[in-house]
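Computed from a predicted structure; not experimentally measured. For ligands, and for the atoms within them, numbers begin at 1 and follow the listed sequence.
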Amino acid sequence: MTRHTLTSLRELYDRPFFDLIQQAREAYRAHWPENEVQLCTLMSIKTGGCSEDCAYCSQSSHYDTGLSRESLAPLQRVLETAERAKANGSTRFCMGAAWRGVTEHDAKFQSVLETVREVSKLGMEVCVTLGQLTPEAARQLRAAGVTAYNHNLDTSPEFYSNIVTTHTFQDRLDTIRSVQQAGMSVCCGGIIGMGESEIDRLKLLEVLCGFDPAPESVPINCLMPMSGTPLDGQPPVDIFQLVRLIATTRLALPKARVRLSAGRTRLSREGQAFCFFAGANSIFYGDKLLTAANPGVDADRSLLDELGLGITAPQPLAESLAG
Ligand code: SAM
Ligand code: DTB
Ligand code: SF4
């Protein structure tokens, strides 16, 4: 398969809307069991007080967002949440910490490793998102049972410094390299609606297309404006721009799970249906994301039912890692 460039991505993205989504649908059908959506459950295991200044984030200590901080969640509470997630049909459990990154010998990291060892016994895909990793921390997470690491690039290399100044786009790439070298699959995507251009979104996709191995999952988040952050008050993203981006991602990375992530509370049911048609095949499921609201489980169940979409069944771990 030829590797996409900004030029080839723009050609796809700019096609007439129905041609684009039809082509994306064909790519989806060629690579995925049809009409199945993977349910993932998120849990914030350490909330708020983060040293980084990501302009979208409710958890940054640089902004007064009114969020109450919570220290590292005890093992038992995480396990109970993971068990409930499994019982509700989730096949991926993703634990997030509001850290700049991991300090290898820190007791808190050791505690996360212990939690991962226990959660991984439940047979779901185990994902963590803990900020920056050294190659050694990545190896330890892999050995503890992490199957996927979420580390988003969020936007284009050019726009990144408008959104974050306390670390660089290259820092993010370095962590992704450590994740790949440790043998975890990479979950990497972005946020739209932060004031970036449509070209910035395609430039991010161009970077993702250069990953080797390709990202196993690509979360596409729509900004959820957080009170007190510099991006509070940003208008919602245009639904056709979102659908075009999902379709282009499906075509550029046909084997990746494209996850319709944060911001579904501002999307209509019809809008979400278009996203699924265009190749999105995963959602976060449950009333809460990390700190923000998600559609309720009843609303999601009824949406999937009405569209005739089933939920992805658990896969053997070896297969889920093959990506
Ligand atoms: N601290 C870790 C990091 O930065 O990678 C992990 C947690 S961070 C909250 C995970 C991702 O959530 C971010 O990279 C961003 O893409 C997404 N996110 C955070 N706040 C968001 C918001 N207000 N709207 C949409 N997406 C958001
Ligand atoms: C991702 O791309 N989106 C998720 C997950 N990966 C960690 C997080 C969304 C967070 C939305 C805002 C919040 O809950 O604070
Ligand atoms: Fe911290 Fe992650 Fe939020 Fe940035 S996105 S402020 S690194 S928790």
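Protein heavy atom at the shortest distance from atom 15 (O) of ligand 2 is T291 OG1, 2.5 Å. Atom 11 (C) of ligand 2 has its closest protein heavy atom at A262 CB, 3.8 Å. Taking atom 8 (S) of ligand 3 as the reference point, the nearest protein heavy-atom neighbour is A98 CA, 3.6 Å. For atom 5 (C) of ligand 2, the closest non-hydrogen atom on the protein side is F284 CZ, 3.7 Å. Looking at atom 2 (C) of ligand 1, its nearest protein heavy atom turns out to be G131 N, 3.7 Å. In this structure, the protein non-hydrogen atom closest to atom 4 (Fe) of ligand 3 is C54 SG, 2.3 Å.
Short contacts between ligand 2 and N150, defined as distances under 4.0 Å to a heavy atom of the residue, involve ligand atoms 6 (N), 7 (C). Heavy-atom proximity to L290, at under 4.0 Å, picks out these atoms of ligand 1: 9 (C). Applying the 4.0 Å criterion to heavy atoms of A262 picks out, from ligand 1, the atoms 25 (C), 26 (N). Those atoms of ligand 3 with a heavy atom of Y56 less than 4.0 angstrom away are 5 (S). Each of the following atoms of ligand 1 lies closer than 4.0 Å to a heavy atom of N152: 11 (C), 13 (C), 14 (O), 15 (C), 16 (O). Close approach of ligand 1 to W99 (heavy-atom distance below 4.0 Å) involves ligand atoms 1 (N). The M226 neighbourhood of ligand 1 comprises atoms 23 (N), with distances under 4.0 Å to a heavy atom of that residue. Every atom of ligand 2 with a heavy atom of S58 under 4.0 Å away is listed here by number and element: 15 (O).
Under a 4.0 angstrom heavy-atom cut-off, R172 registers as being in contact with ligand 1. At least one heavy atom of A97 sits less than 4.0 Å from an atom of ligand 1. The closest approach between a heavy atom of C222 and any atom of ligand 1 is below 4.0 Å. For G96, the heavy-atom gap to ligand 1 stays at 4.0 angstrom or more. Under a 4.0 Å heavy-atom criterion, G96 is not in contact with ligand 2.
Looking at C50, S44, G48 and measuring to atom 1 (Fe) of ligand 3, the nearest heavy atom belongs to C50.
Only the side chain of N221 comes within contact range of ligand 2, with a heavy atom under 4.0 Å; no backbone atom does. Residue-level proximity to ligand 2 for A292 is carried by backbone and side chain together, each with a heavy atom below 4.0 angstrom.
The main-chain N or O of V146 is found under 3.5 Å from a side-chain atom of R142 such that the two form a donor-acceptor pair.
The pair R244-D14 does not count as a salt bridge, with every side-chain nitrogen at least 4.0 angstrom from each carboxylate oxygen. Taking 4.0 Å as the cut-off between side-chain N and carboxylate O, R201 and E196 count as a salt-bridged pair. Salt-bridge annotation for E118 and R77: absent, with no side-chain N of the basic residue lying under 4.0 Å from a carboxylate O of the acidic one. In summary, E26 and R29 do not engage in a salt bridge, as defined by a charged side-chain N under 4.0 Å from a carboxylate O. With respect to E34 and R25, a salt bridge is recorded, a charged nitrogen being found less than 4.0 Å from a carboxylate O.
Considering backbone and side-chain N/O atoms, N152 comes within less than 3.5 Å of an N/O atom of ligand 2.
For the atom pair CD (E70) and OG (S44), the distance works out to 7.0 Å, reported to the nearest 0.5 Å.
Here C57 does not reach atom 4 (Fe) of ligand 3: none of its N/O/S atoms is less than 2.8 Å from the metal.
Counting protein heavy atoms under 4.0 angstrom from atom 5 (O) of ligand 1 gives one or more.
Looking at heavy atoms from C-beta onward, L242 lies in side-chain contact with C222 at the 4.5 angstrom threshold.
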